[in-house]
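As structure tokens, the structure follows; a few thoughts come after it.
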Protein chains: 2
Amino acid sequence: MYRIGELAKQYDINTDTLRYYEKEGLLVPSSIASNGYRIYSSADAKTLGVILRAKAIGFSLSDIKTLLSIEVDKANKECLDVKLVVDDKLAQVNAKIEELQTFQRSLKRLSDACCGGHESAQDCTILQALESESLTILSECHHD
Amino acid sequence: MYRIGELAKQYDINTDTLRYYEKEGLLVPSSIASNGYRIYSSADAKTLGVILRAKAIGFSLSDIKTLLSIEVDKANKECLDVKLVVDDKLAQVNAKIEELQTFQRSLKRLSDACCGGHESAQDCTILQALESESLTILSECHHD
DNA sequence: ATAAACCTTGGAGTAAACTCTAGGGTCAAG
DNA sequence: CTTGACCCTAGAGTTTACTCCAAGGTTTAT
């Protein structure tokens, strides 16, 4: 049994974070002492471990809430239910990566076209590209 | 010369966005009519074009502000100044991509290890991985 | 004269995941 | 009996880039 400060220290997080997780329904302490203090059981601590690990992998608190709801009703859930959450997240991550790679290509093309020297920025190709309506430097040429 | 609604329509954005850009110091209309209406010049419109293109590439409004401040003082700036902004952004994007690729690998390993079938989630490898303190499934084995 | 369409300001609301503050109660040690 | 460390609640603040709202002034057309 731990008080909020003990649990927070153990997992190196803020006590406010724990109160926040409670408000969000992620981790409700299993009991409240007569003085109003939150009391966390070892099972609560274990759940916190799951939350923190899932967060480290990149799940949002909302994803984690779904995962935990499956966890508590494991017996009546299928592997499929769990895998769907993971695969959905994977699709989101893949989409985000592709979006960023598009930015990356644009930036690289911009950077490569610029001498980056002590010449006046008056004729800088980067500024010209941003001023030009066609953004020729950035457009990928899919035609030959 | 355009009124706020005309300029917004021309670039297919909200008038509130223009007022927001003004508040942020990105695009201040070159004059105000006697009735208090904002009046945008063609130069203002051109600047808005730059802002919107830079945004499409992935620059934040704060990045764009830096870029614009260089732009207005081009003559006294060097290519280097411009390139530094772009390269800095490129480094941020690269870092973000790598972070996401780590998530991607973790998620893929999690997903691949799960049958995803109608079996009970009781023995689901994904849930087991999240419950396990070692996260063995997720850890990359750099040793042989 | 009046309605529609435009403009103004100031301020609130949105998502995400906390973090911090104010003001106060609880508990153990000296 | 008071000091310090801990706990409580409610609510505001953080970041980014807007979007929406209320309450009102202006312009244009009928």
Side-chain angles (χ1 to χ4, degrees), chain A residues 1-40 44 48 50-68 88-89 92-93 95-96 99-100 103, chain B residues 1-40 44 47-48 50-68 88-89 92-93 96 99-100 103:
Chain A
M1 299 302 209
Y2 316 92
R3 281 186 309 177
I4 196 167
E6 290 166 344
L7 189 62
K9 198 167 188 179
Q10 200 176 320
Y11 284 85
D12 196 26
I13 58 173
N14 197 311
T15 55
D16 282 327
T17 302
L18 248 12
R19 293 193 194 94
Y20 175 69
Y21 286 171
E22 177 177 346
K23 205 178 58 168
E24 295 296 302
L26 278 165
L27 183 63
V28 179
S30 49
S31 60
I32 300 288
S34 53
N35 58 12
Y37 288 13
R38 290 165 176 81
I39 304 295
Y40 295 90
D44 293 337
L48 180 58
V50 172
I51 293 171
L52 264 19
R53 277 187 292 273
K55 211 164 70 71
I57 295 168
F59 286 105
S60 69
L61 296 191
S62 152
D63 297 327
I64 295 172
K65 208 170 165 183
T66 307
L67 245 15
L68 287 178
D88 188 58
K89 194 70 196 175
Q92 284 170 33
V93 169
K96 191 67 195 171
E99 186 191 335
L100 283 173
F103 294 161
Chain B
M1 299 302 212
Y2 317 92
R3 280 186 310 176
I4 197 166
E6 290 167 342
L7 189 63
K9 199 167 187 179
Q10 201 176 320
Y11 283 85
D12 197 27
I13 57 174
N14 198 311
T15 56
D16 280 328
T17 302
L18 284 172
R19 293 193 194 93
Y20 176 70
Y21 287 172
E22 178 177 345
K23 206 178 58 168
E24 295 296 303
L26 278 164
L27 183 63
V28 179
S30 50
S31 60
I32 300 288
S34 54
N35 57 13
Y37 287 13
R38 291 166 175 81
I39 305 295
Y40 295 89
D44 293 338
T47 303
L48 179 57
V50 173
I51 293 170
L52 263 20
R53 278 187 291 274
K55 211 165 71 73
I57 295 169
F59 286 105
S60 69
L61 297 191
S62 150
D63 298 327
I64 295 173
K65 209 170 164 183
T66 306
L67 245 15
L68 288 177
D88 188 58
K89 194 70 195 177
Q92 283 171 34
V93 170
K96 191 68 194 170
E99 185 190 338
L100 283 172
F103 293 162

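All chains are named by letter (A, B, ...) in the order of the sequence lines, taking the proteins before the strands, and each is independently numbered beginning at 1.
Out of dC20(D), dT9(C), dC18(D), the shortest distance to the side chain of Tyr21(B) is found at dC18(D). Closest approach to the Tyr37(A) side chain among dC7(D), dT26(D), dC20(D) is made by dC7(D) (side chain taken as heavy atoms from C-beta onward). Here dT19(D) is the nucleotide among dC7(C), dC7(D), dT19(D) with the atom lying nearest to any side-chain atom of Thr17(B). Closest to the Tyr20(B) side chain, of the nucleotides dC20(C), dC7(D), dA17(D), is dA17(D).
Within the structure, every side-chain polar atom (N or O) of Arg19(B) is placed at least 4.0 Å from both OP1 and OP2 of dG11(C). Phosphate contact (OP1/OP2 of dC6(D), side-chain N/O of Arg3(A), threshold under 4.0 Å): absent. The phosphate of dC7(C) (OP1 or OP2) has no side-chain N or O of Arg38(B) nearer than 4.0 angstrom. Residue Asn35(A) has no polar side-chain atom (N or O) positioned under 4.0 Å from OP1 or OP2 of dC8(D).
Nearer the 5' end of DNA chain D, as judged by each residue's closest nucleotide, is the contact made by Lys23(A), out of Lys23(A) and Leu61(B). Toward the 5' end of DNA chain C, the nearer of the two residues Ser34(A) and Asp16(B), judged by each one's closest nucleotide, is Asp16(B).
Backbone-only contact: Lys55(A) has heavy atoms under 4.0 Å from sugar-phosphate atoms and none from a base.
Judged purely by distance below 3.5 Å, without hydrogens or angles, the side chains of Asp44(B) and Thr47(B) never pair a donor atom with an acceptor atom.
Contact record, Glu22(A) with Arg38(A): OE1-NE, 2.5 Å, taken as the closest heavy-atom pair.
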